[in-house]
Amino acid sequence: MVMDTLKAILLELGIEESDVTETALLRKDLQLDSTETVQIALELKRRLGVNVKLEARQDMTLGHICDLVVQAMALNPA
Amino acid sequence: MNYSDHSSRRVVITGIGIVNPAGIGKDDFWHNISTGNSAIRRITRFDSSEFPTQVAGEILDFEPADFVPKRLVIKTDRFTHYALAAAELALQDADLNLEQEDSYRVGVWFGNNAGGWDIAERGFYELYNDGASMVNPWQATAWFPTAAQGFVTIRYGIRGYSKSFVCDRASGASGLYFGVKSILQGHNDVVLTGGSEAPITRFGMTCYYETGELSAETDPDSAYQPFDRSRTGIVLGEGSTVLVLESLEHAQKRGAKIYGEILSGSATTDRSIESGKALERAMNEALKEAGITPSAIDLLLAEGCGTQVSDRVEAQAIAAVFESEAPQVPVSVPKALFGHLYGASCATEVACGLLAMETGQLPVMQAIEQSDPGCQLNFVTQPSERSVSRIMVNSRAREAANFSFVVGSRES
């Protein structure tokens with residue numbers, strides 16, 4: 001479910017659907033810039049009500065973001 | 001201020017890109033302009049029934065993804081989409097591949113008066129509805145008037161001397177004037193000039209209306225009537241025109257098709273909006289620098305913004321400069337068919353002049369229903385044919401900054 005939401009956000013940013021995989025890295029693979037990364041965080045907050053920090057120094061995979069979102073949702077159940 | 005110090009180089013126009021309410025691409029646009037088809041309509045983009053101004057020239061069939069890379073669409077406002085599309089059309093028309101050019105010798109010289117109100121309205125909504133932390137991350141880079149220039153340079157990897165101008169109705173003329181100068185002075189070989197606007201949003205229209213210069217007429221057929229005695233003010237349009245300028249040497253070297261040459265340009269400022277003395281001087285200097293007399297002008301594309309004062313001052317200035325030729329020279333205001341384009345104005349008029357040279361058809365304006373004794377010129381109100389070799393283009397801002405250019409055909 002979280003991956004579906006993340007995918008919808010990425011498609012709105014103009015990312016090709018075939019590039020959206022659990023192992024894809026935000027910067028290295030998807031070439032996201034800082035504004036696109038901020039937009040993902042804003043949309044996750046808007047759609048799922050969670051705060052996820054994506055501006056970490058370490059590049060992260062989409063699967064890792066999903067894990068962070070699931071953890072955050074468990075801490076703050078709607 | 002003019003070009004007389006830099007006469008050793010010559011600047012030609014080799015590409016035309018147009019995204020306009022009257023048509024996307026120069027062919028559709030010109031078909032409508034040369035036959036007098038107006039694109040002024042009641043506003044459809046939002047419910048304007050509660051607004052003091054309800055008509056505009058809207059672009060109805062534009063799909064950003066047809067011209068703009070997908071990743072750039074969401075990051076940019078509509079006025080930048082128009083500019084990216086017009087730049088692409090202009091480069092295609094010029095058959096110019098910028099990857100083969102020295103990127104430090106290519107510049108972008110644009111005008112934009114209004115910035116990006118579409119994204120600004122979205123940002124306001126996010127700020128007041130959801131809080132400061134939820135404002136979209138593109139607000140700062142997408143709204144401001146240099147965004148069109150910025151994203152065109154990013155899109156094509158352009159790194160040469162470039163500027164954007166905010167100068168009311170003469171924003172586009174400023175870009176053209178100084179863009180030409182950047183080639184004459186040897187900074188650039190190639191310049192993309194023109195501009196872009198997309199003010200037809202609730203907030204954008206409200207801001208423009210507050211200048212007191214917009215027409216409040218609700219009938220699209222009678223809202224925009226430059227030089228008519230019953231004129232009631234400006235009707236806004238939207239869109240972008242981009243021209244490819246090159247030094248003559250550069251264009252010849254690559255065997256480019258040359259539409260025409262910028263023969264002269266002059267910039268002056270009047271002391272008040274009621275005075276046209278400096279506008280006369282701009283036109284006289286432009287004629288002198290081009291080395292011609294008024295009788296050599298085949299078509300004059302006037303500012304003709306449609307306000308009572310500005311049109312009267314301009315008509316009298318034209319009459320004073322052209323003297324005995326004034327009743328003969330065809331004068332047209334094609335913006336009457338698609339609305340005033342501010343940053344994209346002037347380049348659009350230059351494009352009309354170049355297309356008139358190419359086709360032998362003149363750009364048509366609206367019919368004059370009530371003749372104004374203070375504006376007695378030879379207006380092009382019907383489709384007409386005429387051989388055109390030299391045109392004059394005027395642009396005048398609200399606070400009376402004037403520009404006048406003379407453009408010649410290849411053979412002139």
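Here is the naming used below: chain letters follow the sequence lines, and residue numbers restart at 1 for every chain.
At a 4.5 Å heavy-atom cutoff, B:Thr141 makes no contact with chain A through either its backbone or its side chain. If you measure heavy-atom distances from A:Leu32 to chain B, the contacts under 4.5 Å come from both the backbone and the side chain. Within the 4.5 angstrom heavy-atom criterion, atoms from both the backbone and the side chain of A:Gln31 approach chain B.
Interface check for chain B: of the options A:Glu36, A:Glu12, A:Lys45, the most heavy-atom pairs under 4.5 Å are formed by A:Glu36.
In this structure, B:Trp109 and B:Tyr161 have perpendicular ring planes: the angle between them is above 60°, well past the 30° mark. Ring geometry for B:Phe124 against B:Trp117 counts as tilted: the plane angle lies between 30° and 60°, on a 0 to 90° scale. The aromatic rings of B:Phe67 and B:Phe62 sit parallel, their planes meeting at an angle under 30°, below the 60° perpendicular limit.
Ion pairing of A:Lys28 with A:Asp59 is absent here, as no side-chain N (NZ or NE/NH1/NH2) approaches a carboxylate O to less than 4.0 Å.
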